[in-house]
Asker: 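Take a look at this one; I'll ask things after.
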Number of protein chains: 2
Amino acid sequence: MEDATSPRARYRAQVRTEIKEHAWRQIAGAGASALSLNAIAKNMGMTGPALYRYFGSRDDLLTELVTDAYRSLADTFRAASGEGLTGLGHALRGWALADPQRYFLVYGTPVPGYHAPDDVTAIAAEIMAVLLDACATGPAPAPAPDLDAHLAGHRAWDGGHGASEPVLRRALTAWTRLHGVLSLELAGHFTGMGFDPVLLFDAELSAL
Amino acid sequence: MEDATSPRARYRAQVRTEIKEHAWRQIAGAGASALSLNAIAKNMGMTGPALYRYFGSRDDLLTELVTDAYRSLADTFRAASGEGLTGLGHALRGWALADPQRYFLVYGTPVPGYHAPDDVTAIAAEIMAVLLDACATGPAPAPAPDLDAHLAGHRAWDGGHGASEPVLRRALTAWTRLHGVLSLELAGHFTGMGFDPVLLFDAELSAL
DNA sequence: GATTTCCGTGATACCTTCTCACTCATGGAG
DNA sequence: CTCCATGAGTGAGAAGGTATCACGGAAATC
């Protein structure tokens, strides 16, 4: 009855993935704001309303793409989890450069009203866990007593990882610094400046 | 004839600024993607097409808002230019928190096809000049020979400032690190984590 | 006072998301 | 094998968006 390999279900799953493939192509080309259900339907030889059999709304489709993007980043992180913080940094940059709009779907400008579903917070916690593991081994960063003391009382986000406060701080710092370089690079703010962003990224990475 | 204080010109300028005020209100509330000429016109007691007398298109209006945002940031930076890098950092954070969507208009997710006009590159250069001034005085950062050697050959973006390579690197690092913390904070990526982002921001600022 | 300039409107074309009634093919049950 | 219910897809249409156009009228200018 509810067999997952029912012909109907298989067809449905295939169409869903095909819709998402077209959606990713649109997003990679012109950003998330250019995602158009009508255009996807036309590209697939269907009419617009047909897509509402597969996704409840444009926002539902976009939310699923965001979740997939988070999952993709989590997979990339997990695959590079054995290579330390440096390996994690390079994996992050490679993942971001492979599809900048996908990076922006995760870390870009949020829509004020939008609330991420519980899925992505769980995946974000998994990403943070990998980052915390990588930050546990390595040199202790410069001391920051104020922040460490504050983190000691506000460390629920470590998900029971049990890392020391300097490790928590190192993870946060790695996150924000790498995102800082990467997001400005992907947004094109370095394009007119002439230098190679990878050297700046690697300098920040080795400073960690 | 072409008097700037002609009744027509004064009225026109007033309507233009009123349109922009409504536009800022919309953007602050629901982001740049929610900017609607029709809604602005309705709020002003006009019909949609009337606004095309004042702005050539929705993109033209948005471009002007982006330019105004850059100019506002440049003004804020110039006002804080005497207070060193720490003052600049606090001025940046205050400016960003006052209107997060305005920050995202400058440093947020770009639309792939969009090209910024020459205005904003000039203003961006002015912002960079203030940052370079603030980075000239202060402790020398940790050495990074590779990046410094590369910057020595790719420093056209300093606008004839004549700063040394470590100073250029300090300015770039300050920019990317502060943007890293700030953009993640404004995007709400810290909301579920419990800690106070200002402490992380200040820690990065004092590490510079 | 006559004329020109230009603001605002309504109509229109074309796009979007999204709902709804309907048709029709297909898969599963007897 | 037959019947029927499930569900995919279509066309119409509402509501709202950008943008263009011709037109009327008010206001500034001469």
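In the text below, chain A, chain B and the rest are named by the order of the sequence lines, each starting its count at 1. The analysis underlying the following values was restricted to heavy atoms, covering all of them including side chains, and did not include hydrogens, waters or symmetry mates. This is a predicted model, so every value here is computed, not measured.
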Asker: Please determine if a side-chain N or O atom of A/Y11 lies less than 4.0 Å away from the OP1 or OP2 oxygen of D/dG7.
Answerer: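 No, A/Y11 has no side-chain N/O under 4.0 Å of OP1/OP2 on D/dG7.
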Asker: Starting at atom CG of B/D60, determine the distance to atom C1' of D/dT18, rounded to an integer number of angstrom.
Answerer: 13 Å
Asker: Table please: side-chain donor-acceptor pairs of residues 31-56 of chain B below 3.5 Å, with sequence neighbours left out.
Answerer:
{"residue": "B/S36", "atom": "OG", "partner": "B/N38", "partner atom": "N", "Å": "3.4"}
{"residue": "B/S36", "atom": "OG", "partner": "B/A39", "partner atom": "N", "Å": "3.0"}

Asker: Do B/L172 and B/W175 come within less than 4.5 Å of each other through their side chains, counting heavy atoms only?
Answerer: yes
Asker: Of all of residues 12-31 of chain B, which get a heavy atom below 4.0 angstrom from DNA chain D, listed by number?
Answerer: none
Asker: Partners of B/H161 by ring pair (Phe, Tyr, Trp, His ring centres under 6.0 Å), sequence neighbours excluded?
Answerer: none
Asker: Are the side chains of A/Y103 and A/L73 in touch, meaning some heavy atoms are under 4.5 Å apart?
Answerer: no
Asker: So do the side chains of B/E126 and B/R78 get within less than 4.5 Å of each other, counting heavy atoms only?
Answerer: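 Yes. Closest side-chain heavy atoms under 4.5 Å.
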Asker: Can you measure A/L51 atom CG to D/dG7 atom C1' for me and round it to whole angstrom units?
Answerer: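 Those two atoms, CG and C1', are 15 Å apart.
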Asker: Return a single string for nucleotides 14-26 of chain C, one symbol per nucleotide in 5' to 3' order, where B is base contact, S is sugar-phosphate-only contact and - is none, cutoff 4.0 angstrom on heavy atoms.
Answerer: --SBBB------B
Asker: Using a cut-off of strictly less than 4.0 Å, decide whether A/S6 has a side-chain nitrogen or oxygen near OP1 or OP2 of C/dG27.
Answerer: no
Asker: Quick one: ring pair (Phe, Tyr, Trp, His ring centres under 6.0 Å) partners of B/H150, sequence neighbours excluded?
Answerer: B/H154
Asker: Going by atom types alone, do A/Y114 and A/T63 pair a side-chain donor with an acceptor below 3.5 Å?
Answerer: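 On atom types as modelled, these side chains qualify, holding a pair under 3.5 Å.
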Asker: How is B/F55 classified with respect to the nucleic acid when contacts are heavy atoms under 4.0 Å: base, sugar-phosphate, or nothing?
Answerer: nothing
Asker: For residues 190-201 of chain B, please give each side-chain donor-acceptor pair under 3.5 Å, one per line with the distance, not counting sequence neighbours.
Answerer:
{"residue": "B/T191", "atom": "OG1", "partner": "B/G188", "partner atom": "O", "Å": "2.6"}
{"residue": "B/D196", "atom": "OD1", "partner": "B/V198", "partner atom": "N", "Å": "3.3"}

